[in-house]
Amino acid sequence: MAEGMHVTLRMPILRVITLDCSYTIMQNAKIAQLLGEIADMLTLDTQTDRKFEVLAYRKAAQTIGSMQEDIGEVYAKGGLDALMELPGIGKGIAGAIKEYLETGKIPKYEDLKKRYPVDFATLTKIHGMGPKRIFRLYASLKIRSIDDLRKAVEQHKIMGLEGFGKRSEEEIANGIAQFESGQQRMALGRALPEAEAMVRKLGGSGLVGKVVIAGSTRRMRETVGDLDILITSDEPEKVRNFIARMPEVERVLLSGSTKTTVRLAIGLNCDFRVVEEQSFGAALQYFTGNKDHNVKVREIAVAKGYKLNEYGLFDKMDRNVAGAQEDGVYKALGMQVMDPEMREDRGEVELSQRNRIPKVIRLEDMRGDLHMHTVATDGNNTILEMASYAKGLGREYIGISDHSKSEYQAGGLDDKEMLRHLGEIDKANNKTEGIRILKSAEIDILKDGSLDLDSKTMDSMDYTLCSIHTNLTMSRGDMTRRVIKAMESGHMSIWAHPTDRVINQRAPIDIDLDRAFQAAEDNGVILEIDGYPDRMDLNDENILRAKEYKKIRFAIDTDAHRDEHLNLMRYGVSTAKRGWLEPGRVVNALPLDKLLKQLWK
DNA sequence: GCCGTTTTCGGCCCGACTGTTTTCAGTCG
């Protein structure tokens, strides 16, 4: 039966062990690096064409580098067979991994390294440097490391070498500078508004037809490496000039007839691509999916006798079958269209061929927002102002959740102050129509797992949000006990921003999430997806993992500290989409009466 | 080296841009 095919689908993300233990990730990263270097070195073999062997090593490196489960554990549990289950890993590479896990060395790597004693892993990270150029510099100047390279650039030894000119040397100098300034991926919350500002300007220029954001920004990944903006225009030359003069643009890196790449002042590259109307949908599809998603979609096209590229879907006679609309491309391939957030090759390609893409939460589903602050603590607006703004956004209810007393830097409230504040919420409710204001608080889970307010105070709220703000560096065991104790108190409705990570700034707390999720399920604790762009916590991978606990419910909140922050709901919803969360699991997608029944079990 | 709903052999996604070139290699996404 066709149903039996389910089990053959690879959905590695669903059995993910996330960033809990940096040690194991380090080991994966090391193996990925070695396999990548093998690929680099094989590239240099001029005797035989090993193009596809190189490709195989790269794919394997990619698989292991992006795995969240410890590769050593996979091997320990299932041996070579388990390794060969992984995409792109067959007998040969599985053997190499086994060798590394048991001896710390891969013989093939050691052999190649004798011939090419060069730090490919670092040097290939410099923009414009690939294996061939690196090898040439080694062969002629004995450059082995980034330090060697820097010296050679400073002494202008590179220009004049065969295949290198003045421009190449400048490019390398720029590449080194950029590498050393630590080219970190940028938080979505910073990159997306920048992209939207440029889209607005281009849209108002009178030079373009369509202008939209694509790439990882459209997929709403929590961090982005660069921006992609897609444009249709009859006047591509003028568009190029317009882009070069936008104040956001620091300098133009390259500019051709269809593609312009610029460095933005905020420290991010942005690709602008100009395409014809009839190719717009194909280009949007092409520049939105992640690499693996796109490879799979193109393979489906090939299997059906088509060719798919950014210009359209073409049959054997090179006739255009689809391309103007993105949906049209998927439909012509017999695929169900899925939201951009899902295009990460986490099983969506296979499901879409069988019309089985789950219906995930959408912004329109959100009826309320259960986490926000007011002037009573560290917010900027009053209860009434927040309610009025939320009503303008179409929310049916909000929950006011100011801080408890341990958050003294935020002006946290003690029991007496909190009770008075709850009275203020009652008054505000009486003055407001068309939206219900719920009584809550963001209550600290203290070091010992107790909660920061009296039971009596908490009992007079509609629900509680509980979270950790202090003692973030406890051991895994202590942290896990701390959270579980709070969950078992009977006074914890929602676990707010569970892992406490701040994107690009603070690592998540060390906690056994599986035990915590189990306790949440047992005690009816709702998990928050905090949509504040610095947090986005739970993140996509942890949502995928938590939703496997079938009774766990979620809340998607903004953690707003001023009224405009209530618009940040889209970050939370997109994160939930990336976690394949269905609306039935989200409590604040429920109407008020149903929500109230859910909040205290 | 990997992989299989046209294949266990013979394929492997596809195109843009640049610099240093006299027709293309290297790199990137």
Problem set entry | Distance between P atoms of B:dT20 and B:dT27 (Å, rounded) | 13 Å
For this session: Ignoring backbone atoms, test whether A:Arg133 places a side-chain nitrogen or oxygen under 4.0 Å from the OP1 or OP2 oxygen of B:dG19.
Result: no
Problem set entry | Closest listed nucleotide, where the reference is the side chain of A:Pro131 and the choices are B:dT20, B:dC2, B:dT27 | B:dT27
Problem set entry | Residue A:Glu310, side-chain heavy atoms: nucleotide from B:dC28, B:dG1, B:dG15 that is nearest | B:dG15
Problem set entry | Distance below 4.0 Å between A:Lys108 side-chain N/O and B:dG1 OP1 or OP2 | yes
For this session: Indicate, with a heavy-atom threshold strictly under 4.0 Å, whether A:Lys307 touches base, sugar-phosphate, or nothing.
Result: sugar-phosphate
For this session: For nucleotides B:dT5 and B:dG1, find the distance between their C1' atoms and express it as a whole number of Å.
Result: 24 Å
For this session: Give the nucleotide from the list B:dC17, B:dC13, B:dG26 with an atom nearest to the side chain of A:Val295.
Result: B:dC13
Exercise. In terms of side-chain heavy atoms of A:Thr258, which of B:dG29, B:dG15, B:dA16 is nearest?
Worked result: B:dA16
Problem set entry | B:dT21 versus B:dA25 - spacing of their C1' atoms, nearest Å | 9 Å
Exercise. Using the C1' atom in both, what is the distance from B:dT7 to B:dC2, to the nearest Å?
Worked result: 14 Å
Problem set entry | Between C1' of B:dC17 and CZ of A:Arg240, the distance in whole Å | 11 Å
Exercise. Between B:dT22 and B:dC28, how far is it from one P atom to the other, in whole Å?
Worked result: 23 Å
Exercise. Taking the six-membered ring of A:Phe179, is NZ or CZ of A:Lys125 closer than 6.0 Å to its centre and within 45° of its axis?
Worked result: no
For this session: Would you indicate, yes or no, if B:dT20 has its OP1 or OP2 atom less than 4.0 angstrom from a side-chain nitrogen or oxygen of A:Ser168?
Result: yes
For this session: Decide, yes or no, whether a salt bridge links A:Glu37 with A:Lys113 under the criterion of side-chain N to carboxylate O below 4.0 Å.
Result: yes
Seminar exercise, completed: When both distances are under 3.5 Å in a Watson-Crick or G-U wobble arrangement, the nucleotide paired with B:dT27 is B:dA16
For this session: Scan A:Arg136 against the nucleic acid and name what it touches under 4.0 Å (heavy atoms): base, sugar-phosphate only, or nothing.
Result: sugar-phosphate
Problem set entry | Pair A:Glu222 + A:Arg185: basic N to acidic O under 4.0 Å | no
Exercise. Between A:Arg240 and A:Ser255, is any side-chain donor less than 3.5 angstrom from a side-chain acceptor?
Worked result: yes
Exercise. Taking the nucleotide of DNA chain B with the closest heavy atom to each, which residue, A:Ala303 or A:Arg50, is nearer the 5' end?
Worked result: A:Arg50
Problem set entry | Closest-nucleotide 5' rank along DNA chain B - winner of A:Gly305 and A:Asp271 | A:Gly305
Exercise. Is any side-chain N of the basic residue among A:Glu348 and A:Lys577 closer than 4.0 Å to the acidic one's carboxylate O?
Worked result: no
Exercise. Does the B:dG15 base have a donor-acceptor partner in the side chain of A:Tyr286 within less than 3.5 Å?
Worked result: no
Exercise. Counting any heavy atom closer than 4.0 Å, what does A:Thr261 reach on the DNA or RNA strands: base, sugar-phosphate only, or nothing?
Worked result: nothing
For this session: Could you please name the option among B:dC13, B:dT18, B:dG1 that lies closest to any side-chain atom of A:Phe52?
Result: B:dG1
For this session: Choose from B:dC13, B:dG19, B:dG1 the nucleotide whose nearest atom is closest to any side-chain atom of A:Ile93.
Result: B:dG1
Exercise. What does A:Glu299 touch in the nucleic acid at a heavy-atom separation under 4.0 angstrom: a base, only the sugar-phosphate, or nothing?
Worked result: sugar-phosphate
Problem set entry | Gap in Å between the two C1' atoms, one belonging to B:dC13 and one to B:dG19, rounded | 26 Å
Seminar exercise, completed: Quick note, A:Lys259 side chain, CB onward, closest among B:dC17, B:dC12, B:dT20 is B:dC17
Problem set entry | C1'-based separation of B:dG11 from B:dA16 [nearest Å] | 25 Å
Problem set entry | side-chain N/O A:Lys166 vs B:dG19 OP1/OP2, d < 4.0 Å | no
For this session: Examine B:dG26: is either OP1 or OP2 under 4.0 Å from a nitrogen or oxygen in the side chain of A:Lys132? Give yes or no.
Result: yes
For this session: Report which part of the nucleic acid A:Lys291 touches: base, sugar-phosphate, or nothing (heavy-atom distance under 4.0 Å, all strands).
Result: base
Exercise. At under 4.0 Å, does any side-chain N or O of A:Tyr57 touch on OP1 or OP2 of B:dC12?
Worked result: no
For this session: For the pair A:Glu110 and A:Lys114, find out whether any cationic side-chain nitrogen is under 4.0 Å from an anionic carboxylate oxygen.
Result: no
Exercise. When rounded to the nearest Å, what value does the distance between C1' atoms of B:dT23 and B:dG29 take?
Worked result: 25 Å
For this session: Give a yes-or-no answer on whether the side chains of A:Arg218 and A:Thr288 include a donor-acceptor pair shorter than 3.5 Å.
Result: yes
Exercise. Using a cut-off of 4.0 Å on non-hydrogen atoms, how would the nucleic acid contact of A:Glu162 be classed: base, sugar-phosphate, or nothing?
Worked result: nothing
Exercise. From B:dA16, B:dT20, B:dG1, pick the nucleotide closest to the side chain of A:Arg167?
Worked result: B:dT20
